[in-house]
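These notes concern the structure reproduced below.
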Amino acid sequence: MKKRTLLSMAMVATMMATTFAGCGESREGAGDAASDTTTATSETTEATTSEFPGFEEGATIGVSLPWLGTQNWKEAEEMFTEQLTAAGYNPIVQAADQKVTQQQQQIESMIENGAKVIVVGPVDGSQLGSVLEQAKEAGVYVIGYDRLLENTSGVDGVVQFGSVKTGELQAQALLDGLQEWKGDGPYNIELFGGGPADPNAPNFFTGAMSVLQPYIDDGTLTVVSGQTDFTECATVDWDNSKAQSRMDTLLSGFYSDKEIDGVLCPNDGIARACITACENAGQEIPVVSGLDAENESVEWVWAGKQYSTVAKPTEDLVAQTIEIIDSLQAGNGMPATDVTADNGVIDVPIYELPPVVVTKDNAKEVFANDPSRLELLN
Ligand code: BGC
């Protein structure tokens, strides 16, 4: 769980040293005192430099993505390749096809190839501990991308959209959509979660349940199948076809004489799979939440077929990551942040961006600066 801290220890150390140096007498006319200050300053510089050694421009940067099965990861692959190259680095960008061993091997070879920073979106948040510690020992910086890196000290920070917040937005959109599309309750709903190896998935679900649970308790919402635990609702590997067959089974088992009003869905692929299953079963389209603002779902939202999605722009996440890489390259260490997450071993600095819910009502505003999505809205 997230907790707020003032600043990372490294930043506190750097700030204290800077403050100390700043408190010394000015060099002009201060005689011996001036040289003391100079010493303190150069010690500070040395301490900072050895704590965060920079590296050469044009250095190799590894990017290890979990798979390319959803639009956000394909965008990340393209943007990292283009933007790291444009910034003068030598990128190695690879995807691991949902396979932990493949990802471990890819990261090992990035270390062997002299990468100075490795950016990792893990297939399984908790299975990279030893290879990331290897990276750390080799002096390689490791930045988690979009997903937390768990159970390891081999991570310097994680760039991501608020994952619990994402779940809260999905659930609130589901409630709003039920009122808007289905009128007053009570409502019949079902719940879906993402891939259980992905640390985001339980967080999305926890965030969503914190909003939905009171309405389940007071009878406004009925989860007709009774399946409300994350493990029952999870979708292994974020596989849309697995979600669609679970939805088929739920519909034939529990809804032969009932309407389904809503489905909590953790991303757009699963949302479209659930909507398709409902159409195939002759149900009216239920209110369905999503995530990623994938092109096809943006079109479905605009057409009134998928109620909502959540935008978490890849360009913002990639830009934030490259800003951190630039800071590391220049020898300035990890930028300050006041958010950390306990990954089971250390409190990891988190660089958190805000996700934004998208419905037909606000789509044009949300995508005002995203021409490729904006042109889907007509
Ligand atoms: C990402 C989502 C994506 C999902 C499946 C999650 O970790 O945050 O954007 O849809 O993985 O790829």
Side-chain angles (χ1 to χ4, degrees), residues 2 63-80 94-100 103 119-128 143-150 158-170 173 192-208 230 233-244 264-274 288-298 300-301 306 308-318 320-321 341 343 350-358 370 373:
K2 299 273 163 65
V63 179
S64 172
L65 304 173
W67 69 325
L68 300 176
T70 49
Q71 190 176 327
N72 62 306
W73 299 111
K74 288 183 213 142
E75 290 171 345
E77 185 196 37
E78 248 179 64
M79 288 177 189
F80 273 121
Q94 293 178 326
D97 201 18
Q98 293 284 30
K99 297 191 179 76
V100 172
Q103 186 161 44
V119 176
V120 184
V123 172
D124 184 323
S126 62
Q127 295 298 314
L128 294 175
I143 305 174
Y145 175 84
D146 196 344
R147 300 177 173 179
L148 186 61
L149 296 165
E150 299 168 301
V158 172
V159 180
Q160 65 176 175
F161 284 86
S163 52
V164 173
K165 179 72 191 167
T166 297
E168 291 167 4
L169 291 177
Q170 291 172 326
F192 280 71
D198 171 1
N200 283 338
N203 282 351
F204 294 159
F205 198 78
T206 301
F230 173 70
C233 303
T235 308
V236 170
D237 283 346
W238 288 95
D239 182 338
N240 299 339
S241 63
K242 290 197 172 83
Q244 189 161 337
L264 174 78
C265 286
N267 78 352
D268 283 343
I270 293 176
R272 294 194 302 272
C274 287
V288 171
S289 62
L291 172 68
D292 290 336
E294 291 197 345
N295 290 350
E296 200 174 346
S297 283
V298 170
W300 283 28
V301 166
Q306 179 176 328
S308 68
T309 182
V310 171
K312 51 188 274 288
T314 307
E315 56 265 38
D316 295 352
L317 216 53
V318 170
Q320 172 71 81
T321 310
N343 81 345
I350 303 286
Y351 302 85
E352 193 170 274
L353 305 178
V356 176
V357 73
V358 186
D370 184 341
R373 285 184 174 79

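What you are looking at is a predicted structure, and each value in this text was computed from that prediction instead of being measured. We count ligands from 1, going down the list as the structure has it; atoms in each ligand are counted the same way.
- Applying the 4.0 Å criterion to heavy atoms of Asp292 picks out, from ligand 1, the atoms 2 (C), 3 (C), 9 (O), 10 (O).
- Set against the non-hydrogen atoms of Trp67, the atoms of ligand 1 under 4.0 Å away are 12 (O).
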So Leu264 and Gln170, side-chain contact (heavy atoms from CB on, under 4.5 Å) or not? Walk me through it. CA-CA 7 Å; Leu264 174 78; Gln170 291 172 326; 4.1 Å; yes
Hey, mind stepping through Gln160 and Leu353 against side-chain contact (heavy atoms from CB on, under 4.5 Å) and telling me if it holds? CA-CA 6 Å; Gln160 65 176 175; Leu353 305 178; over 6 Å; no
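- Within the listing of ligand 1, atoms 6 (C), 7 (O), 11 (O) sit less than 4.0 angstrom from a heavy atom of Asp198.
- Among the candidates Arg373, Arg272, Gln71, the single residue satisfying the side chain to side chain donor-acceptor pair (under 3.5 Å) test with Glu294 is Arg272.
- Shown in contact with Asn200 at under 4.0 Å from a heavy atom are these atoms of ligand 1, numbered in order with element: 6 (C), 7 (O), 8 (O).
- Atoms of ligand 1 lying under 4.0 Å from any heavy atom of Thr70, numbered from 1 in the order shown and given with element: 3 (C), 5 (C), 10 (O), 12 (O).
- Taking the six-membered ring wherever Trp is involved, the centroid distance between the rings of Phe80 and Tyr145 falls below 6.0 Å.
- Residue contacts with ligand 1: Gln160 is excluded, as none of its non-hydrogen atoms falls under 4.0 Å.
- In summary, the atoms of ligand 1 found under 4.0 Å from a heavy atom of Asn267, numbered by their order in the structure, are 5 (C), 10 (O).
- In this structure, atom 11 (O) of ligand 1 lies nearest to the protein heavy atom Arg147 NH2, 2.9 Å.
- Given atom 4 (C) of ligand 1, the protein heavy atom at minimum distance is Trp238 CE2, 3.6 Å.
- With a 4.0 Å heavy-atom cut-off, ligand 1 is reached by no atom of Phe161.
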Stepwise side-chain contact (heavy atoms from CB on, under 4.5 Å) check, Val310 with Val358: CA-CA 5 Å; Val310 171; Val358 186; over 6 Å; no
Test Ser297 against Gln306 for side chain to side chain donor-acceptor pair (under 3.5 Å), laying out the working first. CA-CA 7 Å; Ser297 283; Gln306 179 176 328; 2.8 Å; yes
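- Taken to the nearest 0.5 Å, the CG atom of Leu291 stands 10.0 Å off from the CG atom of Leu169.
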